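Below is one structure, written out as structure tokens; the observations come after it.
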Amino acid sequence: MQIAILGGTGHLGRRLAEGFLRAGHDVVLGSRDPAATRQKIADWAQPCEVRHHAQAVAEARTVVVAVPFEGVDATIAAVREHLHPQGVLVSAVVPLAAGHPTQIALPSEGSAAEHIAALVDGKVAVAAAFHTLSAARETEGEAEDVLYCGNTSQARQQAAALAGALGLRGVDCGPLRMARTLEQMTPLLIGLNQRYHVRATGIRITGLPR
Ligand SMILES: NC(=O)c1ccc[n+]([C@@H]2O[C@H](COP(=O)([O-])OP(=O)(O)OC[C@H]3O[C@@H](n4cnc5c(N)ncnc54)[C@H](OP(=O)(O)O)[C@@H]3O)[C@@H](O)[C@H]2O)c1
């Protein structure tokens, strides 16, 4: 699968990109300034292409958005006309309150993912996932879940496939409005990291059928 990660040069982007690359997928990183950021990824285990956002999505049906919330509007504006009509956009964005990473500032649409869905206005399906994955985790494979939701079953299936590519279990949380809950889990986990003096707490749902 060809996967574009917008903001893939960042902290979460790196964890996702390295995982997808290890699983054998084609990954291209979307950046505002590819030339400036290429050296930022020079130490990655596997080389990865960096392109301007619009070029990054040109051939990818799966697009992960991993930019800070304040960069969402400009990033989506840069790619909107270039998104594949049968594509899926997966938001990992968490609208943390400025200067207060243990607090959230949800937008008027209810969540960052719903804000993105309003911006793309039906051009592509939208899912939300990865809010509880910490960029600070150094190894994959721990029994961590990827909670996802989406506005079509195709969007949710794509999010599940991405979780599987990381070697993690995907948990279907239902419609895109559930992103309101999922996005609030990130500040919860950041608070736990601080309280327990650890780098990367995560989430595992119990009681699900195997
Ligand atoms: N870090 C985590 O552990 C984690 C976990 C769960 C969810 N998230 C969410 O995932 C998203 C990315 O988090 P991150 O920690 O990876 O962020 P980050 O490293 O600060 O930024 C990711 C990339 O976004 C681009 N960017 C930075 N500021 C921007 C702006 N104002 N406008 C447009 N683009 C901008 C940069 O890429 P270029 O300079 O190449 O354009 C940067 O490399 C956030 O919404 C965050 O809340 C993060």
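Residues: numbered from 1 along the sequence shown. Just so you know, ligand 1 is whichever comes first in the structure, and atom 1 is the first atom listed for that ligand. Only a predicted model underlies this, so the values are computations on that prediction, with no experimental measurement involved.
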_Which segment of L29 sits under 4.0 Å of ligand 1 when only heavy atoms are counted_ = neither

*Within a radius of less than 6.0 Å around CZ of R180, do more than 12 heavy atoms belonging to other residues, nucleotides or ligands occur?*
yes

*With only distance considered, is H11 within less than 3.5 Å of ligand 1 through an N or O on each side?*
yes

*asked:* Which residue and atom name correspond to the protein heavy atom nearest atom 23 (C) of ligand 1, and how close is it?
replied: G7 O, 3.5 Å

*Which residue and non-hydrogen atom of the protein lie closest to atom 32 (N) of ligand 1, and at what distance in Å?*
G71 CA, 3.1 Å

*Heavy-atom nearest neighbour in the protein, as seen from atom 12 (C) of ligand 1, with distance rounded to 0.1 Å*: A66 O, 3.2 Å

*What residue and heavy atom of the protein are closest to atom 24 (O) of ligand 1, and at what distance?*
P68 CD, 3.5 Å

*Could you go through the side-chain hydrogen bond (donor to acceptor under 3.5 Å, both in side chains) check for S111 and E114 one step at a time?*
CA-CA 5 Å; S111 63; E114 290 166 286; 2.7 Å; yes

*Is V93 in polar range of ligand 1, meaning some N or O pair under 3.5 Å apart?*
no

*Within the side chain of R169, is there an N or O that forms a donor-acceptor pair under 3.5 Å with the backbone of D145?*
no

*In one Ile/Leu/Val/Met/Phe/Trp/Tyr side-chain cluster, 4.5 Å: V65, V28*: no

*asked:* If you measure every N or O of A135 against every N or O of ligand 1, does any of those distances drop under 3.5 Å?
replied: yes

*K40, any N or O under 3.5 Å of ligand 1 N or O*: yes

*asked:* When you measure from the side chain of D172 to the backbone of G174, do you find a donor-acceptor pair of N or O atoms at a distance under 3.5 Å?
replied: yes

*Report the part of T9 (side chain from C-beta onward, or backbone N, CA, C, O) that has a heavy atom under 4.0 Å from ligand 1; answer both or neither where that applies.*
both

_Evaluate F130 for polar contact with ligand 1, using N/O atom pairs at a separation under 3.5 Å._
no

_Nitrogen or oxygen atoms of G10 and ligand 1 under 3.5 Å apart_ = yes

*Test of proximity, A136 against ligand 1: N or O pairs below 3.5 Å*: no

*Which one of V50, V94, T186, V72 has a non-hydrogen atom at the shortest distance from atom 47 (O) of ligand 1?*
V94

*With distance as the sole test, does E183 use its side chain to make a donor-acceptor pair with the main-chain N or O of A113 at under 3.5 Å?*
yes

*Do side-chain atoms of H53 reach the backbone of A78 as a donor and acceptor pair under 3.5 angstrom?*
no

_N or O pair under 3.5 Å between S31 and ligand 1_ = yes

*Considering only protein heavy atoms, which is closest to atom 26 (N) of ligand 1, and at what distance to one decimal place?*
R32 NH2, 3.3 Å

